[in-house]
Amino acid sequence: MIENPKYYSNGKLLITGEYLILKGALALAMPVKYGQSLKLINNNSKGFVWEAQVLDKNWFHCKFDLSNWTILESNNEEKAIYLQNILKIAGKLNPSFKNKLSAKKAISKINFDINWGLGSSSSLISNISYLSETNPFHLHFVLSNGSGYDIACARTQSPILYKIDQQKPIIKEVVFDPEYQSQLNFLYLGKKQDTTKSVNKFLQKGKDYIAESRSISEISKEVLSAKKIEDFNYLVCEHNLLLSSVLKTKNLKDEYFSSFEGEVKPLGAWGGDFALIASSWDRQHIKKYFQQKGFSTLIPFDEMKLIEK
């Protein structure tokens with residue numbers, strides 16, 4: 001048995017199917033090269049200590065009394081309670097988990113800006129699942145109303161088609177390596193969204209969206225076979241129009257980037273994390289356009305995607 005193993009889970013991006021994935025729509029998602037590692041080391045003090053770093057800088061620490069998961073100290077109460085909840089549930093799923101943590105310190109390292117919304121929570125849940133030897137989806141679905149696509153991405157090495165069927169995740173690894181990928185970029189919109197709140201708000205609508213989910217499922221499949229940027233942009237436009245109608249919100253491009261030649265597609269929880277930019281403009285032209293609009297973080301598709309190991 002390997003002593004003090006190190007675990008790693010990928011971050012994620014949801015390319016198609018946002019929101020309607022919760023109603024059974026087929027979605028296209030991709031793991032990204034950014035993610036989170038977790039290592040357990042020996043610790044002299046009593047109890048269990050958790051330390052987290054973001055981009056190699058100390059970010060969060062917490063200490064627990066393992067007898068009842070009491071928080072003894074932390075530098076952020078909200079984060080400590082969130083972590084405590086995950087650990088408690090993992091402990092219920094595997095009662096021997098506590099024994100593994102006695103006189104130990106967990107060191108977690110996130111290699112991306114925590115505000116980017118690339119899966120700091122899902123990669124954390126995946127890593128704790130590794131550590132506790134529990135099923136990551138079981139852990140996720142106790143904690144969240146989310147679809148779980150992010151948990152799937154945490155553990156896959158390629159893009160996936162993902163859907164929920166009778167409350168069970170269906171995962172199919174696919175190839176999403178388009179010839180026009182040099183014309184795809186990811187733009188950070190600067191407002192990290194609370195996915196849980198966005199999901200709950202959507203679910204409160206109480207609608208089935210059967211027809212809309214079928215349409216999104218077809219778009220998700222057609223995106224994989226799109227040969228040209230024009231074909232891809234047509235599908236993105238259709239996707240945006242459908243989601244705008246479902247969510248009763250304005251199209252992001254129409255509202256903020258109407259003069260842009262190409263498509264702007266919100267990803268995940270609409271409104272603040274990343275958007276997918278698809279355009280025949282050269283990258284410098286695209287970068288200048290969005291900088292003039294106040295957005296400076298533009299990441300090329302081939303610099304975001306996970307390179308299969």
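All values derive from a computational prediction rather than experimental measurement.
A 6.0 Å sphere centred on CZ of Phe260 holds more than 12 heavy atoms belonging to other residues, nucleotides or ligands.
Applying the side-chain hydrogen bond (donor to acceptor under 3.5 Å, both in side chains) rule to pairs touching residues 274-287 yields Asn185-Arg283, Glu261-Trp281, sequence neighbours excluded. Contacts classified as salt bridge (Lys or Arg N to Asp or Glu O under 4.0 Å) and involving residues 213-229 (residues at least two apart or in different chains) are given here: Glu218-Lys221. The stretch residues 119-130 participates, sequence neighbours left out, in no salt bridge (Lys or Arg N to Asp or Glu O under 4.0 Å) pair at all. Counting only residues at least two apart or in different chains, ring-ring contact (aromatic ring centres under 6.0 Å, His included) contacts with residues 41-67 are absent. Sorted by first and then second residue, the ring-ring contact (aromatic ring centres under 6.0 Å, His included) pairs involving residues 25-45 (not counting sequence neighbours) are Tyr34-Trp116.
Residues passing the salt bridge (Lys or Arg N to Asp or Glu O under 4.0 Å) test with Lys105 are Glu51, sequence neighbours excluded. Residues passing the side chain to side chain contact (heavy atoms under 4.5 Å, CB included) test with Ser37 are Lys6, Tyr8, Lys109, sequence neighbours excluded. Every residue two or more places apart in sequence or in another chain was checked for a side-chain hydrogen bond (donor to acceptor under 3.5 Å, both in side chains) with Asp56, and none qualifies. Qualifying side chain to side chain contact (heavy atoms under 4.5 Å, CB included) partners for Pro178, counting only residues two or more places apart in sequence or in other chains: Phe176, Tyr180, Gln181, Leu184, Phe301. By the side chain to side chain contact (heavy atoms under 4.5 Å, CB included) test, Ser220 pairs with Thr16, Leu161, Ile216, sequence neighbours left out. Residues that satisfy the side chain to side chain contact (heavy atoms under 4.5 Å, CB included) test with Asn127, not counting sequence neighbours, are Tyr7, Ser9, Gln36, Leu38, Tyr130.
Between Ser102 and Leu66 the shortest side-chain heavy-atom distance falls below 4.5 Å. Two residues are said to be in side-chain contact when any heavy atoms from C-beta on lie closer than 4.5 Å; Asn240 and Leu252 fail this criterion. Put simply, the side chain of Tyr82 does not reach to within 4.5 Å of the side chain of Asn76, judged on heavy atoms. Put simply, the side chain of Glu212 does not reach to within 4.5 Å of the side chain of Lys23, judged on heavy atoms. Side-chain contact check for Lys305 versus Met30: some heavy-atom pair is nearer than 4.5 Å. In this structure, Ser126 and Arg155 have side chains that are in contact, with non-hydrogen atoms separated by less than 4.5 Å.
Atoms SG and CD1, from Cys62 and Ile81 in turn, are 9.5 Å apart once rounded to the nearest 0.5 Å. One distance of note links CG of Asp208 with CG of Leu20; it measures 11.5 Å at 0.5 Å rounding. Atoms CG and OG, on Asp150 and Ser144 in that order, are 7.5 Å from each other to the nearest 0.5 Å. Rounding to the nearest 0.5 Å gives a distance of 8.5 Å between OG of Ser123 and CG of Asn10. Atom CD of Glu18 sits about 10.5 Å away from atom CG of Leu28, to the nearest 0.5 Å.
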Report all side-chain donor-acceptor pairs from residues 83-92 shorter than 3.5 Å, counting only partners two or more places apart or in another chain.
{"from": "Gln84", "atom 1": "NE2", "to": "Trp69", "atom 2": "O", "distance (Å)": "2.7"}

- Query: What do the steps show when you test Asp65 against Lys46 for salt bridge (Lys or Arg N to Asp or Glu O under 4.0 Å), and what is the final call?
  - Reply: CA-CA 8 Å; Asp65 177 348; Lys46 293 181 180 180; over 6 Å; no

